[in-house]
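Below: the structure, in structure tokens.
When a residue number appears, it is its place in the shown sequence, counting from 1. The figures that follow rest on heavy atoms only: side chains count, while hydrogens, waters and symmetry mates do not.
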Amino acid sequence: MASSQEKAVAVILMGGPTKGTRFRPLSLNVPKPLVPLAGQPMINHPISACKRIPNLARIYLIGFYEEREFALYVSSISNELRVPVRYLREDKPLGSAGGIYKFRDHIMEENPCHIFLLNCDVCCSFPLSEMLDAHRRHGGMGTILVIKVSAETANQFGELVADPVTNEVLHYTERPETFVNDLINCGVYVFTPQIFTIIQEVVLQGNNTVNLRRETSLEAFQSVAKVLPPEFVRLDQDILTPLAGKKKLYTYETVDFWEQIKTPGMSLRCSELYLSQFRRTAPHLLATGDGTRSPSITGDVFIHPSAKVHVTAKIGPNVSVSANARIGAGVRLISCIILDDVDIKENAVVINCIVGWKSSIGRWARVQGEGDYNAKLGITILVEDEVVVINSIILPNKTLSISVQEEIIL
């Protein structure tokens, strides 16, 4: 079949409310995939990347969230991108491979030759078309996006060894206790439909070999997953590891940016990366201004068209201002995410922070984080005039009338 006729579909794994606990308090009232990064819902970035896949027939979102939480978004993004997007809800945890296997009939409705699989909490440039070209050249069942990282951090991810000439995956291990290689799995894949046959073989094995392996893991020891249905299949341990060295899996290495969006602090870093990418791919999304008729803009900044920003404000670098926000005279914003309906009054300063929905920052107030992307950032709801907040987490529905530092306000 000619490549111009080969249909493709994309599947994006979103998890659910029980999976996003490290992202709290941001995900307390809004599903993690809908939290804005660089002015767009987190899920928008992989969906927009999928739009560029040749002959894309449909995008599927799989997660544990209630359907009503995504109905409006799915309808809106489908119309915006003019690509059918459908949400499929898991009724119980089935693992990263078991989840797509459960919905295999839906995924195969368009008779695709290629199935892209992405994780929602991955931040990268998503070189999906390049991956597809490499996938066709290799002729294997699957191609994994990989990147080189430091030896100190490699064991936090799935490490693999690939043939330097053919790029075949020779060995794969998930979060090894000892260093294996500096090449890690980025959580982005393209498979042929044969992936469902492989998953089916694991499911048909039943509980015998699969549960035996789980019972010896730390996860089973902690009694987190002692009772699992036979259709619970993990992509990494149950599929990728056994297929390594069998001429089934290959790699495509990216030299661009890559991060995992696991905490609110890391969302600041990923917002910065996406804003920087906009400069190359969508410069019309970035704000400009020299402080004469519009605010003074430094570096990469997104300002929603409905936001009202005073001409004397100084914004940037790495700032996104969401819908209906109000930024007063003399305000200074640096490396921060300002969410919907926020009111920042005159001469306030916000640095290295996420300011949550409908928050208010008083006159001459200062809200500042230390700039550690691994820190747990929180939401500020109401900070009165001249209050200073440093390196603190403030949960919703709070009013601060005194300055705090290194505090968690519950």
Please answer whether the main-chain N or O of [Y] pairs with a side-chain N or O of [X] as donor and acceptor at a distance below 3.5 Å.
X    : Y    : result
S76  : L72  : no
K102 : L94  : no
S322 : I338 : yes
T143 : M131 : no
R175 : N155 : no
K32  : I261 : yes
R332 : G316 : yes
R104 : Y101 : yes
R326 : N324 : yes
N181 : L160 : yes

Can you name the closest pair of heavy atoms from [X] and [Y] and give their distance?
X    : Y    : result
I361 : A348 : CG2-CB, 3.9 Å
G140 : Y250 : CA-CE1, 3.8 Å
Y73  : P41  : CE1-CG, 4.1 Å
F179 : A154 : CE1-CB, 4.1 Å
P54  : A8   : O-CB, 4.1 Å
Q40  : L285 : NE2-CD1, 3.7 Å

Distance in Å, [X] [atom1] paired with [Y] [atom2], rounded so as to fall on 0.5 Å steps:
X    : Y    : atom1 : atom2 : answer
I62  : M14  : CD1   : CE    : 9.0 Å
I47  : C120 : CD1   : SG    : 8.0 Å
I195 : Y189 : CD1   : OH    : 9.5 Å
F64  : E90  : CZ    : CD    : 4.5 Å
H114 : I53  : NE2   : CD1   : 10.5 Å
E80  : S48  : CD    : OG    : 7.0 Å

Tell me whether the count of non-hydrogen atoms from other residues, nucleotides or ligands lying under 6.0 Å of CZ in R280 goes above 12.
yes
Is [Y] close to [X] at the side-chain level, that is, under 4.5 Å between some pair of heavy atoms?
X    : Y    : value
I77  : I59  : no
I344 : L333 : yes
L128 : R52  : no
I100 : I199 : yes
L145 : C124 : yes
H304 : V321 : no
E272 : S335 : no
N167 : Y252 : no

Can you find a side-chain donor-acceptor pair between T254 and D256 that sits under 3.5 Å?
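No donor-acceptor contact under 3.5 Å links the two side chains.
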Please report the C-alpha distance between S360 and D343 in whole Å, then the side-chain angles of each, then the deciding distance to 0.1 Å, and finally whether the side-chain hydrogen bond (donor to acceptor under 3.5 Å, both in side chains) criterion is met.
CA-CA 5 Å; S360 177; D343 185 12; 4.5 Å; no
Would you check if the distance from the ring center of H45 to the ring center of Y274 is below 6.0 Å?
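Yes, the ring of H45 comes within the 6.0 Å limit of the ring of Y274, centre to centre.
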Quick check on the 6.0 Å ring-centre criterion: do F302 and F278 meet it?
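Ring centres of F278 and F302 not closer than 6.0 Å.
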Could you go through the side chain to side chain contact (heavy atoms under 4.5 Å, CB included) check for H310 and V331 one step at a time?
CA-CA 8 Å; H310 196 275; V331 166; over 6 Å; no
Evaluate M108 against I115 for side chain to side chain contact (heavy atoms under 4.5 Å, CB included), listing each step before the verdict.
CA-CA 9 Å; M108 291 303 299; I115 301 166; 4.0 Å; yes
Run through V190, V188, I12, L235 and flag the one making a side chain to side chain contact (heavy atoms under 4.5 Å, CB included) with L117.
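When V190, V188, I12, L235 are each tested with L117, the side chain to side chain contact (heavy atoms under 4.5 Å, CB included) holds only for L235.
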Report the C-alpha separation of K314 and T298 in whole Å, then their side-chain angles, then the decisive distance to 0.1 Å, and conclude whether the side chain to side chain contact (heavy atoms under 4.5 Å, CB included) test is met.
CA-CA 8 Å; K314 294 184 178 181; T298 302; over 6 Å; no
Would you please test R366 and I351 for side chain to side chain contact (heavy atoms under 4.5 Å, CB included) and show each step?
CA-CA 8 Å; R366 185 181 186 93; I351 303 174; 3.6 Å; yes
E6 with R136: basic N within carboxylate O range, under 4.0 Å:
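Yes, charged N to carboxylate O under 4.0 Å.
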